[in-house]
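First listed ligand is number 1; within each ligand, the first listed atom is number 1. Keep in mind that the numbers below use all heavy atoms, side chains included, and drop hydrogens, waters and symmetry copies.
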Amino acid sequence: MSYQNLKDRKHYEERFDSATVEKCRSGERIVNQTFQMMEKKLTKKELTDKLPGWYLQYSMYYFWFVESAAAARAENREAAITKWMAEDEKKDERLANAHISGGTYCRSCGKDMRVISKDYMRREGHKDDDILIMFECGNCSKRLALWQDGTEWEGTKHECDKCGGETVSKHTKKGEVITWTETCTKCKHVKTETLDINDTKLEPESIDRYLELDRKRFVFDKDMMFKYEQKLKHLVRRAELHAKAEDKAEHVDVFDAIKQIKKLKIAQLKELLEPIFAKNGYSDFKLGDPQVGREVSLEFSCLDTKDDREEYQSRKTLHKAIEKTLIDTNWRLMSAGVSYRLGFLTGSLRAHESEEELRKLVEQRMKSGKFPVTPAKPVQTQEPAAKPELDMRESVQVYFDKLTLGSVPAEITLKSGQVKPTSLPVLSGEMHPLLRVFIPMRYNDDSVPKFVRNYDFKFGDGKHIPKVQKDSRGRKIRGL
Ligand SMILES: [Zn+2]
Ligand SMILES: [Zn+2]
C-alpha cells in the first residue's frame, strides 16, 4: 500500500508557476487596457509630443502591476513549494500511521480482518477530511469501513430530495448516453441525470497557446530578479530627484539663505574673530586644536581687559559679539555658551559642513529672525508656484543613456548684420535602459498599446530643433 499525496517536486513547481502566470497576466491586462484607452482618447499630437513621458508612465505602471508582482512571486516560490510538500508529506504520514485499535474483527464470522485501503474522505460534521479505513475478512470476504476513531462508516446517503425517504438507484446506457435514475421508495419521486460521452463541451479543455511563453516571461530567475532590483533602485533614485526638486521649490527661502552662508576655514574664522574680540575688550584670543568627530569643534579662550566689567556682563557681551559675527557663517557658538573664571573666558565653536547640517543651522537662525541679514526678494505669492527645478546632472543620469553632443551647421547674424557660419549643438541619446519594461513582450501582441510597441527610446535625432533660435546675446541663429 503506498500513499500518493506527496508528488514530484515538478508538480508543485507547475502549480506555483501557473498561479504566477495568472497573476502577471491579470496585471498586464489592467495596464494594457488602461493605456489603450488613453491612447484612443489622445490626439496624435498630444501623444507624439510627450511620447517619452507616456512610455515612462506605462513602464512604471507595468513595473508595479507586473514586474513587481512577478518578483514577489519569485521571492516566495521556494518557501511555498517547500510548505506544500511538507503538508502533503505529513498527510501521507498520517495516512500511513492511521490504525484502529480493537474491534476490527469480522461482524459476520468473527475472524480478524486485514486493512485493504486507507483514504481521506469528507466526513459529515467534520471541518477537515477524515481517514476512512477499509477492512476485509480473509475468511468470508465481508468488508467493513471504519473511521479512524472506530466509528462505522455511514455509507453514501441515498435520500429523496422531496421527502427524505430512501432511494434506489439504477443506471442504463443507451449508445453513448448514460442515464442515472434514483427512485424514492416512499413517494416514488424520480431524479434523473444523464451523461453524453460524446459531448466534448462537458470538458472544455481549451489550449493555452502562450502558457510556455508566459511562464518564461513571468517566472523570474536570478537574472530577472537582478533586473528587477536594478529597476527598483533606479525608480527610487528618480523619485528622490523629484522629491528634492519639490522640496527646493517649497523651501526656496531656505535654499536662498544657505547660499548666503560663508563657509569658513579655521584660519578664516580666526581672522574674522580676532578683531571682534579686541574691539570688545578681550585680549589673548586663542583657538584650541580642532576636535574632529562627527562634527568639527574648536575651543577658544581670551582675557577680559576691562577691570570694572562683572562676570555676567563680560560673558553676555562676548556671547553676543560672537553670535553676531558668526550669523552669516557656517560656525556657531555651542549651546554651553561662554564660561568665566577670574576674567578668563572660554567656550566652544562648532562648524556645520554637510548640506543637511547647514540647512538645520539656517532654519534655526531664520526662525529666530536674525538671518538672513539681507532678506531674500519677497516671494511673489500671486504667481503660480514655479516648476520645481531639477538637479540637471542627476536628471541626465536618471533619464538618459548614450548621450552624445553633436552639432548641425547653422549661420549666425551678428549685430552688424553680417552673417557668419556657425553650428548648433545637438544632444542625442536614448532613454535610460532601467526606465524601460524589462519583461520581453510577446511578438505582435495586440493588447499592448501601439505607442509602446513602436517606441524606439531615441531622442535628439535633430528633427525637433527649432529652425531659428537666439543665443544668450540675442543674436539670431538659423539652422541650415
Ligand atoms: Zn468473516
Ligand atoms: Zn420521496
Is the closest basic N to carboxylate O distance between Asp149 and Arg123 below 4.0 Å?
yes
Across all chains, not counting sequence neighbours, the ring-ring contact (aromatic ring centres under 6.0 Å, His included) partners of His234 are His432
Aromatic ring proximity Tyr228/Phe220, centre distance under 6.0 Å
no
Distance check, rounded to the nearest 0.5 Å: Asp92 atom CG versus Asn97 atom CG?
10.5 Å
Applying side-chain hydrogen bond (donor to acceptor under 3.5 Å, both in side chains), name anything that partners Thr329, two or more places apart in sequence or on another chain.
none
Not counting sequence neighbours, which residues clear side-chain hydrogen bond (donor to acceptor under 3.5 Å, both in side chains) with Glu394? List them please.
Arg237
So what's near the Zn ion (ligand 1), protein N, O or S atoms under 2.8 Å?
Cys106 SG, Cys109 SG, Cys137 SG, Cys140 SG
